[in-house]
Amino acid sequence: MVQNAIVKKIVGEGVAEVSLLRQMECGLHCEGACAGCTAKPPQEILALASNDIGAQPGDFVEVEPAGGRSISISVAVFLVPCLGLGLGYALGLNVLRLGELASLLTAALGLAAGFIPAVLMNRAIMKSQAPEFAILKQLR
């Protein structure tokens, strides 16, 4: 999904820090003329972006998420806990020959175990300082 952003500063060789602009009803085309605009987001969302076009601080740019990680993250966050839930229930009911209620408890344990890869992946992503976005073009 392509978004608009403002380049805040150059972090390093080919990497810039950008402030992501949320999509608003007015499109924020007022260029700062609306001092009391309630549509402006109350807080800035900062992210790193690869800067192959040489954008400078203050430039309005178009960015897109860097590819390659989104599918694996989605699988870890959504599919793995669901598999843990199903496998925990099947383990309790069929393998351990527990009753319904005890099998639901093993399913809850399987669900909790399924969240572990998501938490570990989140920590690894937060520690890595790889650009999350790529600057496509300069808008103005």
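FYI, side chains are in, hydrogens and waters are out, and symmetry mates aren't considered; it's all heavy atoms of this structure. Start at 1 with the first residue, then count along the sequence.
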Peer 1: How about Leu104 and Tyr89: do any of their side-chain heavy atoms sit closer than 4.5 Å?
Peer 2: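 They are in contact (side-chain heavy atoms under 4.5 Å apart), so the answer is yes.
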Peer 1: In the single-linkage hydrophobic clustering (I, L, V, M, F, W, Y; side-chain heavy atoms under 4.5 Å), do Ile53 and Phe133 co-cluster?
Peer 2: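 Both belong to a single hydrophobic cluster.
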Peer 1: Val7 vs Phe60, test: side chain to side chain contact (heavy atoms under 4.5 Å, CB included). Steps then yes/no.
Peer 2: CA-CA 7 Å; Val7 178; Phe60 283 90; over 6 Å; no
Peer 1: Is there side-chain contact between Glu62 and Asn4, with at least one heavy-atom pair below 4.5 Å?
Peer 2: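 Yes, their side chains come closer than 4.5 Å.
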Peer 1: Going from CD on Gln3 to CG on Leu136, what distance comes out if it is rounded to the nearest 0.5 angstrom?
Peer 2: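 These two atoms lie 11.0 Å from each other.
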Peer 1: Can you measure from CG (Asn51) to CD (Gln138) and round to the nearest 0.5 angstrom?
Peer 2: 9.5 Å
Peer 1: Is Val18 close to Ile135 at the side-chain level, that is, under 4.5 Å between some pair of heavy atoms?
Peer 2: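 Yes, side chains in contact.
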Peer 1: Calculate, to the nearest 0.5 Å, the distance between atoms CG and CG belonging to Leu105 and Leu101 respectively.
Peer 2: 5.0 Å
Peer 1: Test of understanding: clusters of I, L, V, M, F, W, Y form through side-chain heavy atoms closer than 4.5 Å, transitively. Do Phe78 and Met121 belong to the same one?
Peer 2: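 Linked, Phe78 and Met121 end up in one cluster.
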Peer 1: Between Phe115 and Leu85, is there a shared hydrophobic cluster once you connect ILVMFWY residues whose side-chain heavy atoms come closer than 4.5 Å?
Peer 2: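 Yes, because Phe115 and Leu85 connect within a single hydrophobic cluster, where side-chain heavy atoms sit under 4.5 Å apart.
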Peer 1: For residues 9-16, please give each side-chain donor-acceptor pair under 3.5 Å, one per line with the distance, not counting sequence neighbours.
Peer 2:
none

Peer 1: Please go through Val95's hydrophobic cluster and name the other residues, only I, L, V, M, F, W, Y counting, with side-chain heavy atoms under 4.5 Å joining them.
Peer 2: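 Hydrophobic cluster check, Val95: joined to Leu91, Leu96, Leu98.
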Peer 1: Looking only at heavy atoms, which two atoms of Ser103 and Gly92 are closest? And how far apart?
Peer 2: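 The answer is OG-C, 3.2 Å.
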Peer 1: Show your working on side chain to side chain contact (heavy atoms under 4.5 Å, CB included) between Val63 and Leu20 and close with a plain yes or no.
Peer 2: CA-CA 9 Å; Val63 297; Leu20 299 173; 3.8 Å; yes
Peer 1: Tell me the closest heavy-atom pair linking Gly114 and Pro81, and the distance in Å.
Peer 2: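 Scanning both residues completely, I find the closest heavy atoms to be O-CG, 3.6 Å.
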Peer 1: To the nearest 0.5 Å, what is the distance between CD on Glu132 and CD on Glu64?
Peer 2: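 Atom-to-atom, Glu132:CD and Glu64:CD are 14.0 Å apart.
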Peer 1: Can you name the side-chain hydrogen bond (donor to acceptor under 3.5 Å, both in side chains) partners of Ser50, sequence neighbours left out?
Peer 2: none
Peer 1: For a quick test of reading the model, state the closest non-hydrogen atom pair linking Ala113 to Pro117 and the distance between them.
Peer 2: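 Between these two residues, the closest heavy atoms are O-CD, 3.5 Å.
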Peer 1: Quick check on the hydrophobic clustering: are Ile6 and Leu139 connected, directly or via other members, by side-chain heavy-atom contacts under 4.5 Å?
Peer 2: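 Yes, it is one cluster - the side chains of Ile6 and Leu139 are joined through contacts under 4.5 Å.
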